[in-house]
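All residue numbers in this chain count up from 1 along the given sequence. Atoms within each ligand, like the ligands themselves, are counted from 1 in listed order.
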Amino acid sequence: MNIRTRFAPSPTGHVHIGNIRAAIYNWLFARHEGGKFLLRIEDTDRERSTPEAVKTVLDAMAWLGLNYDEPPVYQSTTTQTHLAAAERLLKAGHAYKEDKGGTGQGECIVFKMPGTDMAFHDEIKGELKKAAADMKDFVIVRSNGTPVFHLANVVDDIHMSVTHIIRGDDHIENTYRHVALFQALGAPVPKYAHLPMIVNAQGKPYSKRDGAAYVGDFKEKGFLAEALFNYLALLGWSPGGDREVMSRDEMAKLFTFDRVQSSAAQFDVQKLEWMNGVYMRSLPREELIAGARAAMEKQGVWNDAIAPDYFARVIETLGERIHFFTDVADQAGYFFSDEYPYDEKAVQKRLKKEGALDSLRELRERFAALSDFTAAATEQALRKLAEEKGTGAGALVHPVRVAVSGRGEGPSLFHMLEVLGKDRVLKRVDAALARFAA
Ligand code: GLU
C-alpha cells in the first residue's frame with residue numbers, strides 16, 4: 001500500500017501547536033512507512049485565508065522542516081470537483097435539494113445520512129460508533145453555491161488519494177459524516193487516527209490564554225525548531241523506554257500509532273524549555289555564536305564594536321546558561337556595556353552587608369597587583385585573601401560578582417573576570433565602591 005498522509009490546515013494567520021503537532025504526526029507516520037506527506041491548504045474562507053495567513057502556515061512548516069512531497073493543493077482551486085461530486089450524490093439519491101427555512105434564497109444541497117448505525121476503527125482510539133438516531137442529514141452545498149467543509153475535505157482527500165487521516169480528536173464527530181460521504185461517493189474509506197487534545201494544567205484545551213500557543217510565538221521567543229519539533233512529537237506519543245531527545249529520523253523510525261496515547265496530553269512549557277536547553281548545548285559553536293548575535297541584533301543591542309573574538313569568549317563563558325539566544329542580552333548585557341543595571345536585591349544582600357565593601361576594597365588591591373589576569377590567577381588571589389581573613393571564599397566572590405555585573409548570579413566568576421579583563425574589572429569595582437559606600 002502506498003501510504004499517503006496530509007496536513008490540511010485552514011489558514012487563519014496563526015498556527016496553533018495542536019495543529020502543527022498533527023502535521024508532525026502525519027509527517028512522522030509517512031516517513032516511517034516510506035509513504036508520502038502532502039499539504040492541502042483549506043483556504044475556502046476567503047476573509048481569513050489571506051495570502052499572509054497562508055504564508056504563516058508555509059513558514060511554520062519550513063521552519064520546522066516539515067517538507068512535503070507534492071506541490072500543495074489549494075482548496076480554493078478545487079471547488080468545481082466538490083460541486084461535481086455533489087451533483088453525483090444528487091443523481092445517485094444520496095443527497096437532495098432543500099430550501100432551508102423557506103427563505104426563498106435558493107436551495108442548498110443536503111447529504112442524506114445512511115440511516116444505519118455507524119462505526120469506524122480509529123488507529124488510536126479503537127472502535128468508535130454512533131447510533132443512527134444521533135446523526136442528521138447535513139448541508140454539503142450552501143444555497144449560495146459554495147461547498148461546505150465536509151464535502152470539500154472528503155472530495156479533496158479522494159482526489160489526493162489520502163490513505164490515512166491523522167487529525168485532532170475534535171474532528172471525531174465529523175468523521176461519521178465523512179465516512180458516509182466516502183462510501184456514498186464509492187471511494188475507499190481511509191484509515192483514521194484521531195490525536196488527543198493538548199490541554200493546560202487544568203485539563204482545558206491549551207490556548208493563547210495559557211501562554212505561547214502559536215508556532216510563531218515559540219520562534220519569536222527563541223526556541224529552536226528541533227527542540228519544538230521533538231517536544232511536540234512527544235506530546236501524546238512515546239517511543240517507549242525513557243527516550244526523549246531524538247532526531248527527526250530516529251523519531252520517524254520509531255513512530256507507530258500504538259504508542260500514541262488516546263487521552264489528552266498536557267502542555268508543559270518547563271519541559272519544552274529544558275529540551276530547548278539540551279538542543280542549545282549540542283549546537284556547534286559557530287551556530288551558537290551566529291544565533292546569539294542575530295538575537296542581539298533583533299533586540300537592538302548589538303554593537304559593531306563588539307569584537308568577534310570577544311563575543312566568542314563571552315558565549316563560551318556563558319555556556320550552558322544559554323537556554324535561549326536572547327539570554328545573552330537578557331542575562332549578560334554587562335559584557336557589552338558599562339551601563340549595566342544593579343539588581344537591588346543582590347546589592348542589598350551582597351554589597352550592603354556588614355564588611356562587604358571593605359572586603360571588596362581589599363580584593364581590588366590584590367587584583368590590581370596581578371600581572372596576569374587569568375581565571376586561575378584571580379581565583380588564587382581571591383582564595384588567598386579569604387584564607388587570610390578567615391572568611392569563606394563566598395564573602396568575596398559574591399560582592400565582586402555584583403560589583404562587576406550588577407547581578408547576583410551568572411557564569412563562573414573567574415572566567416567572567418578574565419573575559420572582562422583587568423582594567424574593566426578594576427574600574428567597575430571602583431565605581432561600585434563609590435556608589436554603594438554608605
Ligand atoms: N481544515 C481542517 C482543520 O484544520 C482540516 C481537518 C482535517 O485534517 O481533516 O481542522
Residues 27-39 side chain polar contacts: donor-acceptor under 3.5 Å, at least two apart:
residue	atom	partner	partner atom	Å
Trp27	NE1	Asn67	OD1	2.8
Arg31	NH1	Asp69	OD2	3.1
Arg31	NH2	Asn67	O	3.0
Arg31	NH2	Asp69	OD1	3.2
Arg31	NH2	Asp69	OD2	3.4
His32	ND1	Ala252	O	2.8
His32	ND1	Lys253	O	2.9
His32	ND1	Phe255	O	3.3

Atom pairs and distances, side-chain donor-acceptor, residues 54-61, under 3.5 Å, sequence neighbours left out:
residue	atom	partner	partner atom	Å
Lys55	NZ	Asp59	OD2	2.9
Thr56	OG1	Glu52	O	2.9

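Aromatic ring orientation, His150 versus His178: perpendicular (interplanar angle above 60°, classes split at 30° and 60°).
Aromatic ring centroids of Tyr231 and Phe267 lie under 6.0 Å apart.
Residue contacts with ligand 1: Ile165 is excluded, as none of its non-hydrogen atoms falls under 4.0 Å.
Nearest protein heavy-atom contact of atom 4 (O) of ligand 1 is Ala8 O, 3.5 Å. In this structure, the protein non-hydrogen atom closest to atom 10 (O) of ligand 1 is His171 NE2, 2.7 Å. The protein heavy-atom contact nearest to atom 8 (O) of ligand 1 is Arg6 NH1, 2.7 Å.
Counting heavy atoms under 4.0 Å from ligand 1, residue Asn19 does not touch it at all.
Atom-to-atom distance recorded for Ile322:CD1 and Asp330:CG is 11.5 Å, nearest 0.5 angstrom. Atom CG of Asn26 and atom CZ of Arg167 lie 10.5 Å apart (nearest 0.5 Å).
Atoms of ligand 1 found under 4.0 Å from any heavy atom of Asn153, numbered from 1 in the order shown, are 5 (C), 7 (C), 9 (O). For ligand 1 and Glu42, the ligand atoms under 4.0 Å from any heavy atom of the residue are 1 (N), 2 (C), 5 (C).
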